[in-house]
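Remember, predicted model here, so these are calculated numbers, not experimental data. As a basis for the values below, the full set of heavy atoms in this structure was taken, side chains included, without hydrogen atoms, waters or symmetry mates.
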Amino acid sequence: MNNNRVNGTIDEVAGSTKRKAGELTGNTRLQVKGVAQQVKGKVENAWGKATDAVQEANKKTAMQHETHVKVNLECSGNKCRM
């Protein structure tokens, strides 16, 4: 888990708290700020997930390229065998 996902989760929770506090107190401005912070957190969290997915794909690709196969060929005339 990278920093984007952590910060995104923090913003989602904080935004949700602000939104609910705004609803309970009738403070529309606080509700809007809370929703905006929640959206920011969701976007940041999604970016972090995408970053993690790319890094994981890169690791898998690197592992595939590190696989080596040793083949011994013996050739005599026009015939070769392993």
Side-chain angles (χ1 to χ4, degrees):
M1 181 178 279
N2 63 41
N3 284 341
N4 289 335
R5 290 181 70 181
V6 172
N7 291 337
T9 301
I10 290 169
D11 277 335
E12 283 185 64
V13 171
S16 176
T17 303
K18 284 181 185 177
R19 181 182 53 82
K20 289 182 185 193
E23 288 172 2
L24 291 173
T25 60
N27 185 335
T28 306
R29 185 175 178 171
L30 188 57
Q31 287 178 9
V32 171
K33 283 185 174 185
V35 169
Q37 190 170 4
Q38 274 184 290
V39 170
K40 177 186 176 230
K42 287 181 185 290
V43 169
E44 194 166 15
N45 200 353
W47 180 258
K49 286 179 182 179
T51 302
D52 285 346
V54 168
Q55 288 175 348
E56 186 63 30
N58 284 339
K59 285 180 188 176
K60 287 180 181 178
T61 302
M63 287 177 21
Q64 289 173 350
H65 289 288
E66 290 180 13
T67 304
H68 300 282
V69 176
K70 185 175 181 179
V71 177
N72 291 322
L73 290 176
E74 293 178 20
C75 297
S76 174
N78 292 336
K79 296 181 181 180
C80 293
R81 65 181 179 165
M82 292 185 178

Task: Which atom of Ala14 lies closest to which atom of Gln37, heavy atoms considered - done: CB-NE2, 3.5 Å
Open item on the list: Rounded to the nearest 0.5 Å, what separates atom NZ in Lys18 from atom CG in Asp11?
Closed with: 8.5 Å
Task: Donor-acceptor under 3.5 Å (Thr9 side chain, Arg5 main chain) - done: yes
Task: Atom pair CG/CD of Asn45 and Gln38 - distance to nearest 0.5 Å - done: 12.5 Å
- [ ] Please report the closest heavy-atom contact between Gln31 and Arg19, naming both atoms and the distance.
- [x] CG-O, 3.7 Å
Task: Separation of Arg29 CZ from Lys33 NZ (nearest 0.5 Å) - done: 4.5 Å
Open item on the list: Within this structure, what is the OG1-CD distance for the pair Thr61 and Glu56, rounded to the nearest 0.5 Å?
Closed with: 10.0 Å
Task: Exercise: identify the closest heavy-atom pair between Ala21 and Leu30 - done: CB-CD2, 3.9 Å
Task: Pairwise distance OG1(Thr28) to CD(Glu23) - rounded to 0.5 angstrom - done: 10.0 Å
